[in-house]
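One structure is given here, and the rest of the page talks about it.
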Amino acid sequence: MSRQTKPMVWSLAGLDNSGLAGQLADVKTIQALGAHACSVTTAITAQNSQRVVAINPSTTEQLESQLEALRELGEPNAIKVGLLPSINCLELLIDFLEQAEKSIPLVFDPVIETSSGTQLMPDEVIEQLYKLLPLVTVITPNIDELARLTGQDTKSIEDIESQAKTLIDWGVGSVLVKGGHWPSERASDFFINRNNKFWLHSDRKETDNSRGTGCVLSSAIATSLALNYSIEDAVVIGKMALNQGLRHSYPVREQKGPLSVKSWPIDEQDMPQLTKQYSLSEYYFPSLEKQILGLYPVVDSAEWLERLLPLGITTIQLRVKDLKGDSLESEIQKAVAISRQYNARLFINDHWQLAIKYQAYGVHLGQEDLDDADLAAISQAGLYLGVSTHCFYEVARAHAIKPSYLACGPVYHTDSKQMPWIPHGIENLNYWKNLMQSYPWVAIGGINTDRIADVASTGVSGIAMISAITKAHNPEQTATNMMQLIEQHRPRV
Ligand SMILES: Cc1ncc(COP(=O)(O)OP(=O)(O)O)c(N)n1
Ligand SMILES: Cc1nc(C(=O)O)sc1CCOP(=O)(O)O
Ligand SMILES: [Mg+2]
């Protein structure tokens with residue numbers, strides 16, 4: 001018997017007895033994503049795909065007893081809140097949250113109306129919602145709900161951004177505005193909190209069976225928070241679960257049916273594209289296709305290229321952090337000349353303008369570098385592009401750019417760069433490589449002679465490292481051994 005404990009997620013929501021939306025959709029989603037679902041049923045709604053027959057709010061006694069029973073099980077790791085059908089229900093929830101021992105991540109899907117137009121949340125509750133907002137980790141209104149909550153018309157992209165900001169000013173932690181009903185080519189959602197704002201874009205899925213989309217999204221976000229993902233990662237995972245659910249949606253008795261989330265995200269087609277502005281620019285970076293990058297030393301001077309390229313290394317990065325002006329430029333110019341002599345792929349780290357000027361093979365950029373880089377200029381100059389990623393948010397951002405390769409790090413602990421990330425290990429490296437299969441992957445962080453066989457066995461295209469080569473007693477011998485180990489252990493296709 002497995003002793004593994006699963007995080008616990010509560011769905012505090014209305015029961016839709018046709019199983020299309022509401023609490024049943026929440027429970028199925030939470031379970032599919034690997035948490036344990038508990039329920040506090042706020043109302044029993046009698047409905048089917050055509051109409052709402054009745055909404056029966058739970059009594060105060062029914063709500064209190066459900067909360068009491070669950071409280072005895074221990075506080076949840078996250079709560080998804082859906083339909084709040086009465087003031088009593090709202091107040092009991094607020095009391096519970098205020099008395100909780102620790103702050104509980106709370107995702108609020110403010111279901112005001114059904115898609116057929118029946119009002120579910122009474123006006124008096126909507127008017128009192130301001131009391132709940134400061135306790136909300138993330139709220140997920142659609143455009144109509146955003147307009148109703150802020151009391152403003154939502155007519156433009158600027159309106160979406162400014163009204164979402166209003167909710168932040170009212171005390172909500174983060175806002176994700178669902179753009180599913182917005183008349184645009186893609187389904188684009190807007191995220192904002194006090195530190196960040198971005199858009200998540202996905203192609204629209206052709207299906208009539210889209211009942212319960214908001215329930216799936218919000219409960220997937222709650223589950224990701226319960227699994228300790230950051231809020232930015234949780235909304236990306238939520239959108240992936242939604243896209244997967246839409247792909248597996250099905251009709252019920254030939255009528256509009258529900259989404260169906262089967263598992264943790266495992267398919268690249270569900271990954272949204274993340275942009276800082278609403279528009280999604282198309283870039284064309286050259287493809288590495290079947291070229292294997294192999295051992296990929298990351299070095300800080302052109303002199304290292306002179307030492308390493310004669311060994312047969314085909315990919316190398318110049319990562320200069322301590323030079324500026326003429327000395328930086330001349331280092332890059334020298335490195336490009338040496339790489340040409342050996343016909344090697346030279347990526348320049350950070351300094352994309354000089355990489356373009358001297359026509360290096362490619363550029364490597366981290367996520368912060370992406371804020372300032374002119375990607376159109378790099379792409380027009382025909383340079384290859386590699387982008388660092390560490391989490392779902394960063395992979396979704398890189399996916400919007402479609403670089404020539406994605407880097408995954410740190411695979412192991414590294415002393416060469418301070419970062420807030422827990423090392424991925426081989427298991428997560430495999431996950432990323434299998435998830436985003438259309439990209440070549442480069443592994444980086446703490447890789448050395450003892451670990452390189454395990455990394456090579458994952459089938460990544462490139463294996464990047466700094467210290468294992470540059471701090472080795474005999475760098476040339478170490479690099480030669482590592483190239484042999486990669487050759488022995490990489491999977492044959
Ligand atoms: C192959 C490879 N992967 C990751 C990095 C790190 O890039 P970045 O996040 O921009 O950090 P700095 O290297 O600039 O400190 C890399 N350079 N190469
Ligand atoms: C520069 C860098 N970027 C990383 C990332 O995870 O993005 S790890 C890293 C340092 C790699 O050095 P070493 O091989 O000495 O561990
Ligand atoms: Mg950088």
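We use all heavy atoms of the structure for the numbers below, so side chains are in, but hydrogens, waters and symmetry mates are not. Read the numbers this way: they start at 1 and go in the same order the structure lists the ligands and their atoms.
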- Query: Between Lys80 and Ser219, do the side chains contain an N or O donor and an N or O acceptor separated by less than 3.5 Å?
  - Reply: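 Their side chains do not contain a donor-acceptor pair, so the 3.5 Å distance test is not met.
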- Taking atom types as modelled and ignoring hydrogens, do the side chains of His413 and Asp415 form a donor-acceptor contact shorter than 3.5 angstrom?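 Side chains of His413 and Asp415: pair found under 3.5 Å.
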- Message: Within the structure, is a non-hydrogen atom of Glu368 found at a distance of less than 4.0 Å from ligand 1?
- Response: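 Checking ligand 1 against Glu368, which is what was asked, there is no heavy-atom contact under 4.0 Å.
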- Please confirm whether Trp441 comes under 4.0 Å of ligand 1, counting heavy atoms of the residue only.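 No, that is not the case, since the closest heavy atom of the residue is not under 4.0 Å from the ligand.
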- Item | Contact check, side chains of Leu385 and Leu365, non-hydrogen atoms, under 4.5 Å |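 Yes; the side chains approach each other to less than 4.5 Å.
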Does [X] pair with [Y] as a salt bridge, N-O distance under 4.0 Å?
| X | Y | value |
| --- | --- | --- |
| Glu487 | Arg492 | yes |
| Lys239 | Asp189 | yes |
| Arg247 | Asp270 | yes |

Looking at [X] and [Y], would you say the former's side chain and the latter's main chain have a donor-acceptor pair under 3.5 Å?
| X | Y | answer |
| --- | --- | --- |
| Arg194 | Gly173 | no |
| Glu394 | His390 | yes |
| Asp233 | Tyr393 | yes |
| Asn142 | Glu145 | yes |

Under 4.0 Å from any heavy atom of [X], which atoms of ligand 1 are there?
| X | value |
| --- | --- |
| Ala407 | 3 (N) |
| Lys321 | 12 (P), 14 (O), 15 (O) |
| Val442 | 1 (C) |
| Asp350 | 10 (O), 14 (O) |
| Tyr405 | 1 (C) |
| Ile444 | 2 (C), 3 (N), 4 (C), 18 (N) |

- Query: Which protein N, O or S atoms sit under 2.8 Å from the Mg ion (ligand 3)?
  - Reply: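 Sorted hits: Asp350 OD1, Asp369 OD2.
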- Query: Could you state the interatomic distance from CZ (Arg340) to CG (Leu305), rounded to the nearest 0.5 Å?
  - Reply: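 Atom-to-atom, Arg340:CZ and Leu305:CG are 12.5 Å apart.
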Identity and distance of the protein heavy atom lying nearest [atom]:
| atom | answer |
| --- | --- |
| atom 11 (O) of ligand 1 | Lys417 NZ, 2.9 Å |
| atom 18 (N) of ligand 1 | Gln317 NE2, 2.9 Å |
| atom 14 (O) of ligand 2 | Ile466 N, 2.8 Å |
| atom 10 (C) of ligand 2 | Thr414 OG1, 3.7 Å |
| atom 13 (O) of ligand 1 | Arg319 NE, 2.6 Å |
| atom 5 (C) of ligand 1 | His364 NE2, 3.2 Å |

Can you classify the ring geometry of [X] versus [Y] as parallel (below 30°), tilted (30 to 60°) or perpendicular (above 60°)?
| X | Y | result |
| --- | --- | --- |
| Trp199 | His201 | parallel |
| Tyr384 | Tyr361 | parallel |
| Phe198 | Phe191 | parallel |

- Crowding at NZ, Lys402 (>12 non-hydrogen neighbours, <6.0 Å):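 Yes, NZ of Lys402 has more than 12 neighbouring heavy atoms, counting only those of other groups under 6.0 Å.
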- Ring centre gap for Tyr229 and Phe392 strictly below 6.0 Å: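 Yes: the rings meet the under 6.0 Å criterion.
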- Is there at least one pair of N or O atoms, one from Ser388 and one from ligand 2, spaced under 3.5 Å apart?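 There is no such contact.
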- For ligand 2, is there an N or O atom under 3.5 Å from any N or O atom of Gly446?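 Yes: some nitrogen or oxygen of Gly446 is under 3.5 Å from one in ligand 2.
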- Task: Report the member of His424, Lys471, Met419, His413 with the shortest heavy-atom distance to atom 8 (S) of ligand 2.
- Result: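 Nearest option to atom 8 (S) of ligand 2, by heavy atoms: Met419.
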- Identify which of Pro297, Ala407, Ser416 has a heavy atom lying nearest to atom 12 (O) of ligand 2.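 Residue with the shortest heavy-atom distance to the ligand atom: Ser416.
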If you count the atoms of ligand 2 from 1 in the order shown, which ones are under 4.0 Å from a heavy atom of [X]?
| X | answer |
| --- | --- |
| Gly409 | 6 (O) |
| Lys417 | 1 (C), 2 (C), 3 (N) |
| Gly445 | 8 (S), 16 (O) |
| Met465 | 14 (O) |
| His390 | 5 (C), 6 (O), 7 (O) |

- Item | Nitrogen or oxygen of Asn349 less than 3.5 angstrom from that of ligand 1 |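 Checking ligand 1 against Asn349, an N or O pair does fall under 3.5 Å apart.
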- Message: Side chain or backbone, does Ser388 bring an N or O within less than 3.5 Å of an N or O on ligand 1?
- Response: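 N/O-N/O distance under 3.5 Å: yes.
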- Please identify each residue that fulfils side-chain hydrogen bond (donor to acceptor under 3.5 Å, both in side chains) with Ser339, with sequence neighbours left out.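 If we apply the side-chain hydrogen bond (donor to acceptor under 3.5 Å, both in side chains) test to Ser339, skipping adjacent residues, there are no hits.
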- Taking only residues two or more places apart in sequence or in another chain, which ones pass side-chain hydrogen bond (donor to acceptor under 3.5 Å, both in side chains) with Ser210?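 Not a single residue meets the side-chain hydrogen bond (donor to acceptor under 3.5 Å, both in side chains) criterion with Ser210.
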- Task: Using the test side chain to side chain contact (heavy atoms under 4.5 Å, CB included), find all partners of Thr314 that sit at least two apart in sequence or belong to another chain.
- Result: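 In terms of side chain to side chain contact (heavy atoms under 4.5 Å, CB included), with neighbours along the sequence ignored, Thr314 is linked to Arg345.
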- Query: For ligand 2, is there an atom lying under 4.0 Å from some heavy atom of Arg319?
  - Reply: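 Contact present.
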- Task: Report yes or no: does Pro410 have a heavy atom closer than 4.0 Å to ligand 2?
- Result: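 Yes.
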